[in-house]
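Here's the structure we're looking at; comments come further down.
Quick note on labels: first sequence line is chain A, next is B, and so on, each numbered from 1.
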Amino acid sequence: MKMNVVTLLKDRGLFEDMTSPDLPKVLESPCTVYAGFDPSSDSLQAGNYVTIMVLRHFQRCGHKVIALVGGATGMIGDPSGKDAERALLDEETVIRNTEGIRENLSRFLDFDHPTAPAKLVNNMDWLGAYGFITFLRDVGKHFRMGAMLGRESVQRRLAGDSGMSYTEFSYQMLQAYDFLELRNREECIIQVGGSDQWGNITAGIELIRRLNGKQAYGLTVPLICDNQGQKFGKSEGNAMFLDASKTSQYDFYQFFLRSEDADVIRFLKVFTEVPLDDIEALAEEHGSHPERRVAHKRLAEEMTRAVHGEAGLSMAQAATGVLFGESMQGLKAEQLLGIFADVPSCELTHDDVSGQNILDVALRSGLCKSKGDARRLIQNGGLYLNNDRVSGVEQSVSDSDIIDGCLLVLKSGKRNYRLVRIS
RNA sequence: GGUGGGGUACUCAAGCGGCCAACGAGGGCAGACUGUAAAUCUGCUUGCUUUUGCAUACGGAGGUUCGAAUCCUUCCCCCACCA
């Protein structure tokens with residue numbers, strides 16, 4: 001017999017709250033569940049991955065899952081969890097982002113499942129053409145001001161000093177309506193989301209009850225933070241994207257490999273499908289030999305495989321092996337090219353490089369964003385050419401630095417590599 | 001529509017005529033120490049040059065002044081209260 005999905009989520013630290021204690025009982029028979037994804041970027045990030053995992057767990061437990069891309073609501077912006085009004089995205093951007101997210105999601109959910117295939121929907125399909133007057137009459141009528149104003153997300157914004165626009169205030173109606181729509185057309189009775197979605201979810205449940213007299217449920221997932229309380233994977237513009245063109249396999253792998261000790265076991269539970277017993281064993285080994293970093297390696301491995309496939313993983317591992325191992329002396333350009341396949345690279349002409357000052361080369365390669373930036377890096381001793389520390393700003397690149405006449409390897413710090421192909 | 005308070009670099013937040021490329025904190029980057037961890041310590045954090053400058057920059061546009069983030073005008077935006 002299958003494990004109840006609620007128990008499973010609890011065990012993995014993926015459960016925060018539910019709207020009714022009856023939910024586990026309801027989930028004993030197959031249900032339809034949905035989660036929404038906001039197209040505020042053209043690629044999902046590691047933070048969204050938690051929600052994807054939850055849907056996967058539901059699917060594994062025999063439930064039907066729907067991933068909703070907020071093509072329409074993305075035009076408005078969800079105020080939940082934000083303390084300032086969000087800049088509106090133009091329609092074109094939202095459409096492009098919606099497509100990107102659609103692509104991302106399709107990699108993680110099973111759309112060909114024999115009994116319960118996943119489904120992807122876009123709320124633009126029903127909200128896009130909904131007239132304002134009609135919407136107010138049909139839907140708005142069922143929302144009470146008191147309840148809307150009482151929402152935590154609204155209250156916090158009103159209490160703060162940035163206030164809130166009517167547009168964002170209306171957001172909760174739209175998401176509530178999504179739930180209603182899915183309840184009607186897909187028999188979807190459960191919505192899952194991050195804990196910041198509680199208000200939006202309950203708004204939907206209430207709307208369904210008022211309009212259809214039917215029961216619906218909500219389940220929330222804790223927001224995943226690192227042990228510093230920072231929102232996961234978003235440490236200042238360093239978001240880990242689930243898209244190789246935005247975050248290379250190598251960087252992705254490295255990100256998880258470098259997780260803090262205090263986080264790694266929890267991350268394994270939350271982000272991967274490694275059985276809990278195995279995680280327990282990893283925790284033990286990590287406890288006695290932290291320097292071996294077995295848990296870190298497993299985490300990075302599982303994540304990279306899930307997101308970038310077996311090929312992506314082996315590339316990332318190969319690169320890691322070389323880059324953190326011995327020097328690169330004696331390696332041929334061809335070998336290096338293979339190893340560095342997914343390390344960010346650029347192409348420069350021979351004249352751009354040969355005889356040029358190292359500052360200019362660092363700048364042209366895109367490793368540094370300005371000459372001043374490059375200069376600082378070198379003065380701090382943080383720039384490496386072919387894994388040898390650059391001694392000073394006067395150093396220049398000579399032909400003998402160019403490996404096999406076609407390759408340079410630049411590095412900033414311990415781990416930010418940049419490959420320069422010479423044409 | 002009225003009154004009052006605001007808009008400063010990635011974020012928060014000082015500055016309120018020259019000493020301001022702008023205190024401080026956080027974040028980020030780099031160095032040392034380590035286990036590609038944490039904690040700690042150090043340096044950097046607009047661009048170009050070099051260490052002396054130059055150009056941009058304190059919501060937008062004008063103005064006053066030898067000189068403005070700082071004063072004035074006007075516009076835009078945000079907040080609170082009143083209508």
Closest listed nucleotide, where the reference is the side chain of [X] and the choices are [options]:
| X | options | result |
| --- | --- | --- |
| A:Lys371 | B:G31, B:C48, B:U36 | B:C48 |
| A:Lys414 | B:G47, B:C29, B:G31 | B:G31 |
| A:Glu260 | B:U51, B:G31, B:A37 | B:A37 |
| A:Pro290 | B:G35, B:C48, B:C29 | B:G35 |
| A:Ser412 | B:U36, B:G35, B:A30 | B:A30 |

Counterpart base for [N], defined by Watson-Crick or G-U wobble contacts under 3.5 Å:
| N | result |
| --- | --- |
| B:U40 | B:A32 |
| B:C19 | none |
| B:A57 | none |
| B:C81 | B:G2 |
| B:A14 | none |
| B:C71 | B:G63 |

What does [X] touch in the nucleic acid at a heavy-atom separation under 4.0 angstrom: a base, only the sugar-phosphate, or nothing?
| X | value |
| --- | --- |
| A:Asp373 | nothing |
| A:Arg157 | nothing |
| A:His296 | base |
| A:Leu257 | base |
| A:Tyr384 | sugar-phosphate |

How long is the line joining [atom1] of [X] and [atom2] of [N], in whole Å?
| X | N | atom1 | atom2 | result |
| --- | --- | --- | --- | --- |
| A:Arg376 | B:U49 | CZ | C1' | 13 Å |
| A:Leu410 | B:A30 | CG | P | 14 Å |
| A:Arg266 | B:A38 | CZ | C1' | 15 Å |
| A:Lys411 | B:A30 | NZ | C1' | 12 Å |
| A:Arg298 | B:U36 | CZ | C1' | 20 Å |
| A:Leu158 | B:C78 | CG | P | 15 Å |
| A:Asp261 | B:U34 | CG | C1' | 11 Å |
| A:Asp251 | B:U36 | CG | P | 18 Å |

Q | A:Arg389 vs B:A32: side-chain N/O to OP1/OP2 distance below 4.0 Å | A |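 A:Arg389 to B:A32 OP1/OP2: side-chain N or O found under 4.0 Å.
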Q | Distance test, side-chain N/O of A:Asn380 to OP1/OP2 of B:A32, below 4.0 Å | A |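 No, outside the criterion.
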[X]-[Y] side chain donor-acceptor pair, cut-off 3.5 Å:
| X | Y | value |
| --- | --- | --- |
| A:Asp17 | A:Thr220 | no |
| A:Ser80 | A:Asn200 | yes |
| A:Tyr34 | A:Asp178 | no |
| A:Gln249 | A:Tyr253 | no |

Could you go through nucleotides 7-9 of chain B and list every protein N or O atom that sits under 3.5 Å from one of its N or O atoms, giving the distance for each pair?
none

For [N] versus [M], give the span between their [atom1] atoms, rounded off to a whole number of Å.
| N | M | atom1 | result |
| --- | --- | --- | --- |
| B:U51 | B:C23 | P | 24 Å |
| B:C48 | B:U11 | C1' | 27 Å |
| B:G17 | B:G2 | P | 30 Å |
| B:A14 | B:C71 | P | 16 Å |
| B:C78 | B:A30 | C1' | 38 Å |

Q. Using the ring of each side chain (for Trp, its six-membered ring), is A:His286 parallel, tilted or perpendicular to A:His296, with breaks at 30° and 60°?
A.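 Ring orientation, 0 to 90° scale: tilted.
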Q. Are the ring centres of A:Tyr384 and A:Tyr417 closer than 6.0 Å?
A.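 No, they do not, as the ring centres are separated by 6.0 Å or more.
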Q.
Check whether A:Asn386 reaches the backbone of A:Val409 with its side chain - one donor and one acceptor, N or O, closer than 3.5 Å.
A.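 Yes; judged by distance alone, with no hydrogens or angles, the pair exists.
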**Q.** Over 12 foreign heavy atoms within 6.0 Å of CD, A:Glu103
**A.**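 Atom CD in A:Glu103 is packed in, count exceeds 12.
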